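Here's the structure, in structure tokens; my notes come after.
Just so you know, these numbers use all the heavy atoms, side chains as well, and skip hydrogens, waters and symmetry mates. A quick note: this is a predicted structure, and the numbers were derived from the prediction, not measured.
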Amino acid sequence: MKSSGDMVLIGLGRIGFKGFPQTHYQCAINNNLKVVAGIDSSPDARVRFTSETGIPSYESLSELPDQHWSSFFSVATATDASFEILAELLSRNEPQGILAEKPFCSNVVQSQQILTLQEFMKIPLRINYPRQYSRAMSDIKSLIANNNLIAGAVIYSSGLRENGSHFIRLLCGLFPSVMSYQNIDWIDSARFRLQVGDDLKIDFVPLESPHLHNSEIRLIFSDFIISIRDGSKVEARRIDTNSPIRKWPHDLELILEADFSDGFEYSYLDQSWWRSPNLESISEELKLDQLCNSLLDATPIQYESKAEEN
């Protein structure tokens with residue numbers, strides 16, 4: 001497999017090419033990758049991409065010239081199209097690496113098939129969950145390493161797969177004790193608890209409103225409180241039992257302030273990671289995303305079925 005600094009973008013919509021503050025196209029350029037082709041089923045998307053960049057675009061992977069198969073690939077398509085695209089990419093041994101948006105498959109059966117293909121083909125595959133690659137993530141892990149979690153809650157909006165799944169994935173990365181779908185405990189058809197320790201469960205509360213798009217995570221440890229607002233801004237403040245509670249949290253000592261804004265750039269391509277891949281770390285990351293899919297598949301329908309059995 002020859003070394004390549006080329007990138008093929010699959011999906012030329014808002015996150016792939018134009019619309020988000022950071023797109024796959026922009027991050028490829030920022031990481032010194034040469035975008036050589038775009039792929040999208042929409043004629044309008046292809047015309048816009050080619051007219052604005054001068055880069056050729058194609059309707060499907062079957063039209064991609066052979067010389068571009070030794071490139072890196074990014075997959076920023078709708079979830080229902082990702083499985084077939086990833087399966088096709090992993091059916092050949094040319095790709096240097098693949099980056100896919102999450103959720104990278106529609107269900108746990110599909111994601112398990114992709115994991116099996118990746119393990120067989122040994123092609124580096126990353127799921128673009130920016131928070132896990134942000135520098136803030138390692139800071140948080142270091143902070144919580146020797147402290148006991150006492151309680152936690154997640155408020156999310158815009159649906160479980162669209163928004164809540166990001167926070168399931170975040171907690172899977174922070175707490176290795178989250179192991180399977182059995183860690184989901186449905187309270188009713190909308191609310192659930194995620195078990196992260198022997199006796200500790202974090203509440204997930206949907207905040208559904210056409211006028212609100214908001215999220216917040218609160219994790220309370222023995223010595224400090226971690227707050228993650230809007231899913232990105234991180235604060236940790238030391239608990240002070242001598243401080244009047246009416247002054248919490250802003251009067252508490254700030255011990256960590258960070259955000260996940262650099263995660264997209266870092267996740268997009270750490271080229272040393274792709275070119276000298278640690279297959280064990282790749283497998284560990286993919287299994288976390290597989291775990292996230294398995295948790296999402298533990299739907300309220302299963303909850304209602306169990307309730308009927310009881």
Atom pair [atom1] ([X]) and [atom2] ([Y]), whose distance is rounded to the nearest 0.5 Å:
X	Y	atom1	atom2	value
Lys34	Ile55	NZ	CD1	9.0 Å
Asn93	Lys122	CG	NZ	13.5 Å
Asn31	Gln26	CG	CD	12.0 Å
Trp69	Asp6	CH2	CG	14.5 Å
Tyr58	Ile10	OH	CD1	13.0 Å
Phe204	Arg193	CZ	CZ	12.5 Å

Check your understanding: Can you list the steps and then say if Lys141 with Leu174 is a side-chain contact (heavy atoms from CB on, under 4.5 Å)?
Key -> CA-CA 7 Å; Lys141 286 183 176 181; Leu174 287 175; 3.9 Å; yes
Are [X] and [Y] joined in one hydrophobic group, where the rule is that I, L, V, M, F, W and Y side chains link up if heavy atoms are under 4.5 Å apart?
X	Y	result
Val47	Leu12	no
Leu254	Ile140	no
Leu252	Ile150	no

**Study point:** side chain to side chain contact (heavy atoms under 4.5 Å, CB included) partner of Leu149, the single match among Ile202, Ile226, Ile144, Ile220
**Key:** Ile202
How far apart are the closest heavy atoms of [X] and [Y], and which atoms are they?
X	Y	result
Ala76	Ile15	CB-CG2, 3.6 Å
Ser70	Gln96	O-CG, 3.0 Å
Ala258	Ala136	CB-CB, 3.7 Å
Pro56	Phe49	O-CE2, 4.0 Å
Ser62	Glu88	N-OE2, 4.2 Å
Ser227	Glu216	OG-OE2, 3.5 Å

Decide yes or no for [X] and [Y]: does some side-chain heavy atom of the first lie under 4.5 Å from some side-chain heavy atom of the second?
X	Y	value
Leu194	Val154	no
Thr53	Val35	no
Ile98	Leu90	yes
Thr77	Glu101	no
Phe221	Ile239	no
Pro124	Arg126	no
Ile255	Leu143	yes
His24	Leu99	yes

Check your understanding: Which is it for Leu89 and Val75 under the side-chain contact (heavy atoms from CB on, under 4.5 Å) test, yes or no, and what are the steps along the way?
Key -> CA-CA 10 Å; Leu89 289 172; Val75 181; 3.9 Å; yes
Between the side chain of [X] and the main-chain N/O of [Y], is any donor-acceptor distance below 3.5 Å?
X	Y	result
Ser41	Glu59	no
Ser232	Ile228	no
Glu94	Ser71	no
Asp240	Glu253	no
Thr23	Phe20	no
Arg237	Ile225	no
Asn147	Ser222	yes

Exercise for review: Apply the test side-chain contact (heavy atoms from CB on, under 4.5 Å) to residues Val109 and Gln113: give CA-CA distance (whole Å), side-chain angles for both, the deciding distance (0.1 Å), then the verdict.
Suggested key: CA-CA 6 Å; Val109 174; Gln113 291 180 40; 3.6 Å; yes
Exercise for review: Quick one: sort the Phe17 and Tyr25 rings into parallel, tilted or perpendicular, breaks at 30° and 60°.
Suggested key: perpendicular
Check your understanding: Does a sphere of radius 6.0 Å around CD in Glu84 hold more than 12 heavy atoms from other residues, nucleotides or ligands, not counting ones at 6.0 Å or beyond?
Key -> no
Point to revise | Evaluation steps, side-chain contact (heavy atoms from CB on, under 4.5 Å), between Phe167 and Arg131 | key: CA-CA 10 Å; Phe167 310 125; Arg131 292 170 183 85; 3.9 Å; yes
